[in-house]
Protein chains: 2
Amino acid sequence: MSPAIATNVLPVTQNVESAIPILILSDSNNYCEFQSNRLNHTPPLPSILKTPFQVVDGPATSAAGNPNEIANLFPNLYGQPSVSLVPGHSEMKGQSLKVGVVFSGGQAPGGHNVITGIFDYLQERARGSILYGFKGGPAGIMCCKYVKLTAELIYPYRNQGGFHMICSSRDKIETPEQLKQAEETVMKLDLDGLVIIGGDDSNTNACVLAENFRSKKMKTRVIGCPKTIDGDLKCKEVPISFGFDTACKIYSEMIGNIMSDARSTGKYYHFIRLMGRAASHITLECALQTHPNIAIIGEEVAAKKQTMKNITNYIADIICQRMELGFNYGVIILSEGLIDFIPEVKQLIAELNEILAHDVVDEGGMWKGKLRSQSRDLFEFLPQPIQEQLLLERDPHGNVQVAKIETEKMLIQMVETELDQRKQTGAYKGQFQGKPHFFGYEGRCGFPTNFDANYCYALGYVTGILLHSGKTGLISSVSNLTAPVDEWSVGGTPLTSLMDVERRHGKFKPVIKKAMVDLEGAPMKKFTSLRDGWALNNRYISPGPIQFVGPFANDINHTIMLELGAKFHF
Amino acid sequence: MSPAIATNVLPVTQNVESAIPILILSDSNNYCEFQSNRLNHTPPLPSILKTPFQVVDGPATSAAGNPNEIANLFPNLYGQPSVSLVPGHSEMKGQSLKVGVVFSGGQAPGGHNVITGIFDYLQERARGSILYGFKGGPAGIMCCKYVKLTAELIYPYRNQGGFHMICSSRDKIETPEQLKQAEETVMKLDLDGLVIIGGDDSNTNACVLAENFRSKKMKTRVIGCPKTIDGDLKCKEVPISFGFDTACKIYSEMIGNIMSDARSTGKYYHFIRLMGRAASHITLECALQTHPNIAIIGEEVAAKKQTMKNITNYIADIICQRMELGFNYGVIILSEGLIDFIPEVKQLIAELNEILAHDVVDEGGMWKGKLRSQSRDLFEFLPQPIQEQLLLERDPHGNVQVAKIETEKMLIQMVETELDQRKQTGAYKGQFQGKPHFFGYEGRCGFPTNFDANYCYALGYVTGILLHSGKTGLISSVSNLTAPVDEWSVGGTPLTSLMDVERRHGKFKPVIKKAMVDLEGAPMKKFTSLRDGWALNNRYISPGPIQFVGPFANDINHTIMLELGAKFHF
């Protein structure tokens with residue numbers, strides 16, 4: 001192990017404004033051999049980055065929706081071309097840059113490699129550059145909390161999980177005061193560039209900052225990087241967000257293990273909720289990797305306007321059919337955000353929020369008279385613990401905490417109730433036992449797969465190039481990802497081209513639309529063509545733990561293979 | 001992939017008595033490449049098994065306790081010598097055997113390899129032998145549900161997780177009727193040998209069966225194999241139970257990931273409960289692998305007669321000290337069975353069971369007057385959801401369901417209450433947010449590590465030898481496990497030598513004493529020497545996912561390395 005390795009983050013309790021090292025270089029034995037070994041993985045670069053290249057502009061772009069409003073909101077950026085790298089003579093000068101980088105939002109495996117990619121680019125192609133890391137997320141920009149990133153400091157984070165090199169948070173830079181603070185920071189540090197590594201909201205924020213800096217004729221350029229395990233930030237030129245590959249593989253390993261357990265024990269139905277917010281990309285990918293008996297795709301539930309009762313019956317029907325075949329066990333997966341897709345649940349929660357804000361919930365239940373009849377029926381249909389959760393657990397604003405509802409437990413209780421009723425009519429004779437699981441944190445901070453490690457490193461490297469060539473308001477793009485790394489294409493896509501507007505408080509607000517599961521897309525079609533077989537026959541797949549060497553170490557997820565039309569054995 | 005691969009278990013709904021294939025050989029594409037690849041791992045055999053060997057007896061043995069009672073209970077077996085294999089000329093004849101094998105109890109990674117080890121031994125050294133697998137655990141013996149295991153049938157299970165080749169259950173063969181059923185089955189199948197793959201209870205059961213068969217002059221010999229992820233079945237000659245290595249590595253991977261998340265986010269305390277019943281071996285091993293801020297070892301809690309309040313204060317103290325250092329996050333691990341170690345909790349539950357059996361729990365709380373004062377104080381100290389759980393969730397006998405108590409959630413609530421009180425005195429100024437986790441099923445059915453795969457295969461192979469050489473009432477032993485596989489020692493240990501008695505219903509009952517964490521043992525000493533440093537400084541280790549090839553693929557767990565005094569870099 002190199003003597004430079006150290007991972008003890010020294011906390012900073014005061015609001016420092018000077019660059020201080022966040023690592024104490026005293027505990028060089030604090031990595032296990034596996035971690036040290038991963039430090040020595042050198043992500044390969046796409047060929048185009050290893051030869052002389054030039055940055056070329058494509059045609060002008062528009063917006064994902066409402067181009068006029070986007071043009072009004074981003075007058076200095078709207079319409080910018082996408083750029084790509086092609087072989088040729090670079091016009092970039094070798095001048096040094098001052099760049100700041102920040103993590104925004106939840107962790108995703110590979111984030112550290114984006115930073116090492118930027119760093120290495122600057123070291124190799126823009127000698128004398130300085131890279132600052134803003135600490136603790138966007139708040140670090142606003143209050144000018146940063147650290148100067150050096151080779152020694154970043155070394156221990158190469159190919160490691162987590163965001164702890166500089167940490168992260170969910171703050172946004174939105175109000176005029178906050179924008180002013182950001183201006184002050186980038187001026188104080190004399191930044192040529194600012195890199196925001198984040199999801200859809202954070203990249204929207206990156207675009208707002210880029211527009212703001214340019215409108216004030218400031219030199220600071222802003223580039224975004226597509227981060228989120230949820231997989232809901234993507235477009236043609238940005239085929240995937242980083243972290244999705246790793247998180248899905250970690251969850252799929254565990255789902256596969258639980259499948260072995262289910263069929264070995266023969267008596268449990270495992271209901272597994274997967275992290276990933278609203279979109280069901282993770283659930284769909286894990287389904288393709290593991291072949292569960294049931295996978296509930298929220299986007300389909302919404303499209304078909306399904307009710308809780310529909311979903312309960314769908315599950316109960318399959319359980320009954322499986323019982324006839326002699327299978328009294330199974331595995332069911334669902335997404336964290338499922339509940340947001342069920343129209344009647346959203347309605348009920350809205351009504352509850354209204355009632356709870358103004359009325360007392362009387363023990364006798366008189367308050368229920370204020371619910372609309374459909375909502376009341378749904379409320380009565382819900383198991384009592386869920387009813388209580390809806391009434392008791394509220395956020396500081398008094399609202400029902402939807403995210404806290406353990407959907408997997410709710411479904412178990414509802415399915416149990418339904419099966420009990422069917423027992424009375426003789427339609428079900430089995431013994432239903434549900435086991436709830438939630439897979440979340442353990443997936444979003446794992447060691448990045450080789451794919452995520454390489455993809456992120458390339459993203460970081462190209463981010464350096466985009467800044468160096470004077471670009472702003474772009475999101476880094478690396479594509480052709482189903483080919484070997486050598487053949488990957490790299491460039492940048494205008495953030496405005498990903499945007500649409502939403503009307504909020506009488507104003508247009510720019511948003512990068514979340515990429516939800518496309519019900520007509522190849523991954524969903526593959527799933528729907530197979531799911532009936534998976535429901536009744538056990539076609540479980542156990543993908544095993546992520547491997548970093550050996551024949552499968554470079555495999556990539558099914559979603560991107562299918563979306564990009566790659567030929568592969570499914 | 002071999003065309004013989006198939007994994008579709010056909011359920012048997014009727015009580016069949018004839019051997020039927022449990023696999024349909026129709027779905028040969030049902031494995032991912034990783035699974036197929038693991039099929040081709042050939043576990044290396046210890047050298048002694050590859051050369052001519054003979055089985056030699058050691059000196060006569062005694063019992064773990066109360067030798068007179070054990071001698072009375074097992075008159076035909078007591079005192080048998082341990083046996084070991086040494087180079088030499090074998091006296092075993094090449095005659096074929098009929099052997100039955102069964103899984104008993106919860107899954108543990110590597111179980112399938114025990115069976116393939118037995119099978120391969122019989123194929124190679126006792127041509128013409130027949131191996132039957134009893135289906136669905138010990139009940140399969142009693143009702144004569146079995147399958148004849150063939151090369152084609154077992155092939156898809158080589159080096160795979162789970163027990164689904166023949167499944168398992170928790171039944172016991174204890175009553176005179178049940179023993180009679182077992183006799184009928186082994187006679188019907190004309191078995192020379194019966195192999196019970198199980199934990200402490202199942203191996204006790206194996207010994208009872210061996211004694212019973214021998215006392216009736218039946219030819220059927222019985223050999224046990226040490227299975228349990230809990231790690232609580234071990235002795236000098238059986239240094240570890242199989243599955244422990246894999247389960248701990250899977251849990252440690254996830255703990256390590258959550259550590260990265262904790263320090264990246266900087267705002268959560270993760271409370272992680274780990275499967276593994278009463279003993280804290282898994283918690284201790286995972287602590288040694290990952291260096292959490294706190295690991296609660298149940299055996300220590302019991303030895304120090306700690307109360308819930310003690311544990312709460314211990315955690316809260318560390319949280320307060322960490323706050324002063326600027327760390328408002330952390331990782332705390334605890335074992336599934338922690339609650340069983342807290343004397344006051346056991347007392348409270350005993351009293352509650354008594355009260356709930358005879359009285360009505362009145363809303364006014366008058367019933368609490370029946371609790372002894374210490375129990376009443378504890379009850380009042382518990383958070384309300386836990387109080388409700390204690391009162392409401394009861395098993396069919398009306399007893400409180402201790403196993404259902406989510407200790408990690410209970411501790412979060414208690415620590416939260418304590419910190420709120422400290423806030424009022426100014427002793428704590430942080431924002432405590434606890435996140436509960438339970439890691440269980442995903443660990444006990446994972447792909448066995450190379451260690452577990454090789455260890456189990458050797459266990460199976462030597463089991464065949466023990467049966468072939470006419471031994472009964474032994475547990476297979478493979479030792480010298482910290483050396484390369486080549487140098488492993490193999491043999492068998494009399495089950496009676498592991499036994500003690502317990503007095504139940506006025507009778508002596510034989511039991512293999514669970515091996516609890518030895519507070520004076522090397523693993524615990526290593527842990528106690530380091531834990532204060534881990535508590536305040538972050539020394540987190542992230543071991544990453546299990547690797548099957550590459551430099552760390554053959555690493556084994558810290559517990560066995562420390563217990564056997566192996567030199568290694570910690």
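To find a chain, count down the sequence lines: A is the first, B the second, and so on, and within it residues start at 1.
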- prompt: When only pairs under 4.5 Å are counted, which of A/Asp261, A/Val549, A/Ile546 shares the most heavy-atom pairs with chain B?
  reply: A/Asp261
- request: Considering only heavy atoms and a distance below 4.5 Å, find which of B/Pro545, B/Gly162, B/Gly550 pairs most often with chain A.
  value: B/Pro545
Whether A/Phe103 and A/His112 hold their rings parallel, tilted or perpendicular, with breakpoints at 30° and 60°: perpendicular
query: So which residues of residues 245-254 of chain B are in contact with chain A at a heavy-atom cut-off of under 4.5 Å?
result: B/Ile250, B/Glu253, B/Met254
query: What part of B/Phe548 is in contact with chain A, defined as an atom under 4.5 angstrom from a non-hydrogen atom: side chain, backbone, both or neither?
result: both
- prompt: Can you name the side chain to side chain donor-acceptor pair (under 3.5 Å) partners of B/Arg158, sequence neighbours left out?
  reply: B/Asp120
- request: Pick one of side chain, backbone, both or neither for A/Phe439, based on which atoms fall under 4.5 Å of a heavy atom in chain B.
  value: side chain
message: Checking side-chain polar atoms at under 3.5 Å, does A/Asn257 have a donor or acceptor matched by the opposite partner on B/Glu442?
response: no
field: A/Asn537-A/Arg322 side chain donor-acceptor pair, cut-off 3.5 Å
entry: no
message: For A/Pro551, which atoms come within 4.5 Å of any heavy atom of chain B: side chain, backbone, both, or neither?
response: side chain
task: Kindly determine whether A/Tyr268 and A/Tyr329 satisfy ring-ring contact (aromatic ring centres under 6.0 Å, His included), including the steps that lead there.
output: CA-CA 5 Å; A/Tyr268 297 126; A/Tyr329 62 88; over 10 Å; no
- request: Among the options B/Gly106, B/Gly161, B/Ala553, B/Pro543, pick out the one with the most heavy-atom pairs lying under 4.5 Å from chain A.
  value: B/Pro543
task: Indicate whether any N or O donor in one side chain lies under 3.5 Å from an N or O acceptor in the other, for B/Gln35 and A/Ser542.
output: no
field: Which portion of A/Phe34 sits near chain B, non-hydrogen atoms under 4.5 angstrom
entry: both
- prompt: With no hydrogens and no angle check, do the side chains of B/Tyr269 and B/Lys435 hold a donor and an acceptor under 3.5 Å apart?
  reply: no
query: Quick one: do the A/Asn293 and A/Tyr540 side chains pair a donor with an acceptor below 3.5 Å?
result: yes
query: Hey, are B/Thr265 and A/Gln107 close enough side-chain-wise for a donor-acceptor pair under 3.5 Å?
result: yes
